[in-house]
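Here the structure is laid out as structure tokens; the discussion comes afterwards.
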Amino acid sequence: MSATTAAVRRSAWSRLGTIVRRNKMASFGAAIVVLVALSAIFAPWLSPHDPLEQDVLLRLASPSAQFPLGNDSFGRDILSRILWGGRVSLYVSTVAVFIAIVVGGALGILAGYVGGRFDRFVMAAMDVLLSFPTLVMGLLVVAMLGPTVGNLILAITLTAVAPFARIARAPTLTVKERDFVEAGRALGFSNLRLMAVHVLPNVLDDILVMAALWLATAIRTEASLSFIGLGVRPPTATWGGMIREGFENILDSPWLAILPSLAILLVMLGLNMLGDGLRDTSDPRLRHE
Amino acid sequence: MSSAPALVVDRLTTEFRIDGRWHAAIREVSFAVGRHETLALVGESGCGKSITALSIMGLVPRANGRIASGRVLLDGRDLVQLDERELEATRGGAIAMIFQEPMTSLNPVLPIGFQVAETLRYHTSLSKAQARAQALALLEHVKIPSAAQRFDDYPHHFSGGMRQRVMIAMALACKPQIVLADEPTTALDVTIQAQVLALLAELKAETGMALIFITHNLGVVASIADRVAVMYAGDIVETASVEALFAHPTHPYTEALLSSIPRVDRDAGALKPIAGQVPPITAMPAGCRYADRCPLRVERCATMPPLVALSGNREHEVRCWVRTGDGGAAS
């Protein structure tokens, strides 16, 4: 399996590279995403201050040389909190979307490949999941199990599994009828191998596009849950949590809420541009629209 | 001539369910192929050639098809009785198949070298590096030019003929005793056809594998086959050595097939198409299936004729009341 995945990964990355090079919108989006991701990964080194360090004297202070984006109602450095908040938001949503891709993708390919009653059962279950609005599903899980990072990831995963199952199933239905699957069967490959090695790489394009778009949705869901207090507990910095705290002083210090909102906006913009760009290059029909 | 046959197909009947009823697509098909031997299965579209191949491979679609009776003996094992796991080990191992469409039979998103090595890794205990080296040797063996440089190229970088060579390399990877080739040259240009046929003949001579070659092209049959089985509507109607078949085509269907191919030494006006078409499997006549299209039809054709050997040549068998009536009955 390692040889297989290596080959698949290599081809997926090289194709991703070609796509990004060919499409300006995708590359611009990718640049934003990479920038934000790097700032989140290197937050401990980039932040000028401890994001939790309070200073009553600097309460709601305006930007200064020492605190470029000013301070919040506890006198904490906003720049450092935005950098550290991105860490939490991106970590939670990336892990959640990754699990959703693995679980949803596997379910979708399996359902499409096996077909029949199993397919109908799995897809009906996915429809049930889809019938919950994203935020309601998140609320349900976190409210029932408690607001921990693990439960937050679980909640967001549950909202994203069904779309990935659907997006993986549709191309599987056509790929499994293609000659090379029959040829693989004639070479003695098992069904598991045919699914993992021969069907999967053929549905990966669709999944990648969806991944970018759903990462944006996941970040938004995470922010929404943190905003209503069901996300990661304070004082840990999260973008959603910062917006909520900023809301209390929205009239005299609007930037407290606006700055983390801009951070969310930036990532979502980058991810949507990346996703749309990827879709346009992988689906020639949409290119002219 | 040949010692123990590489593959024996014994009274194989495969059925398909259409509108809730089972209809036989091939009926009591029997033949044997020896080592080093090439058997050509010939017939027009819909006569059961490909179904025969799929039945041998155990690839008849489970949803609406089944092997109703018969045996497929390879090394004394009956492939029909094997479970899926044992079949998977056999396919691509002792028995392999080459498909008609080289353009679509390779996975478009995986490099060709990987696909050949995958077959080796799956059926043998070779390490990754060993499989890679052996896959490269195989690609060189099937005469892919500069195989080392092209090892990591994708199928769309290759022409149809080259892709068919890759397919052949995959089929031969684990040194099968028998290879089924289902119209492997039909989708190729005539010049490329000749190259691929030459390659197959060469590989066969080298490895001693048996080859079942499915085609509707009698010109190809003449150049590659040792023996021929002519199929019509799910039955073998005539089987003979390739020399005997072309010198003395005996079944009216074989005759008609031969006179319907263009030849440079004959007037183009002498080309005779066969009137009518193969009956659909839901409406098979009870007797001889060719009767409706046959110019020699007599009353007796309303019952099914058996496959009997001609008196002059024991290896030449024909399923026809008229043509075996005098010669066949006496023996």
Side-chain angles (χ1 to χ4, degrees), chain A residues 1-19 105 109 112-120 168 171-208 282, chain B residues 53-54 56-59 61-63 84-111 113-123 126-129 131-132 152 154-155 163 166-167 170-174 176 179-180 182 187:
Chain A
M1 277 307 277
S2 65
T4 313
T5 44
V8 169
R9 204 177 302 132
R10 186 152 22 94
S11 78
W13 280 122
S14 71
R15 264 180 304 149
L16 190 65
T18 334
I19 289 169
I109 291 176
Y113 189 89
V114 173
R117 231 176 256 166
F118 179 76
D119 181 26
R120 284 199 295 277
T172 303
L173 291 176
T174 54
V175 170
K176 74 165 175 177
E177 302 295 340
R178 302 211 359 222
D179 288 345
F180 62 80
V181 173
E182 180 80 353
R185 213 169 269 139
L187 286 168
F189 298 157
S190 64
N191 287 322
L192 187 66
R193 186 173 192 85
L194 286 170
M195 280 187 273
V197 182
H198 292 271
V199 176
L200 174 66
N202 282 286
V203 307
L204 215 55
D205 277 353
D206 297 289
I207 292 183
L208 274 179
S282 64
Chain B
L54 292 180
I56 293 170
M57 297 292 293
L59 289 174
R62 293 264 160 90
E84 192 58 33
R85 192 167 293 268
E86 292 168 307
L87 263 178
E88 277 165 12
T90 311
R91 284 187 213 131
I95 185 164
M97 185 159 175
I98 302 167
F99 287 86
Q100 179 171 359
E101 284 293 340
M103 305 309 271
T104 55
S105 296
L106 287 166
N107 194 331
V109 300
L110 296 173
F114 170 82
Q115 296 192 51
V116 179
E118 182 193 12
T119 313
L120 284 162
R121 291 260 285 160
Y122 196 74
H123 288 285
L126 293 181
S127 73
K128 200 173 153 187
R132 201 181 150 89
D152 290 317
Y154 290 87
R163 285 192 217 184
V166 175
M167 294 298 300
M170 286 165 73
L172 298 188
C174 300
V179 171
L180 288 89
D182 188 357

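Note that the coordinates shown come from a computational prediction; the quantities given were computed from them, not determined experimentally. Below, chain A is the first sequence line, B the second, and so on; all start at residue 1.
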Check your understanding: How many angstroms lie between CG in B:L120 and CG in A:L187, if you round to the nearest 0.5 Å?
Key -> 10.0 Å

Revision key, fill the gap. Rounded to the nearest 0.5 Å, the CZ atom of B:R85 sits from the OG atom of A:S190 at a distance of 8.0 Å

Point to revise | Choice from B:N107, B:L180, B:T119 maximising heavy atom contacts with chain A below 4.5 Å | key: B:N107

Shortest non-hydrogen contact from [X] to [Y]?
X	Y	value
A:F180	B:L106	CB-C, 3.5 Å
B:S105	A:A183	O-CB, 3.6 Å
A:A186	B:R91	O-CB, 3.4 Å

Check your understanding: What residues of residues 96-104 of chain B sit under 4.5 Å from chain A when you count only heavy atoms?
Key -> B:M97, B:F99, B:E101, B:T104

Review point. Where does the angle between the aromatic ring planes of B:H123 and A:F189 fall among parallel (under 30°), tilted (30 to 60°) and perpendicular (over 60°)?
Key: parallel

Report which part of [X] has an atom under 4.5 Å of a heavy atom belonging to chain A: side chain, backbone, both, or neither.
X	value
B:A117	neither
B:M57	side chain
B:L54	side chain

Exercise for review: Show the numbers, then the answer: is there a side chain to side chain contact (heavy atoms under 4.5 Å, CB included) between B:E88 and A:R193?
Suggested key: CA-CA 11 Å; B:E88 277 165 12; A:R193 186 173 192 85; over 6 Å; no

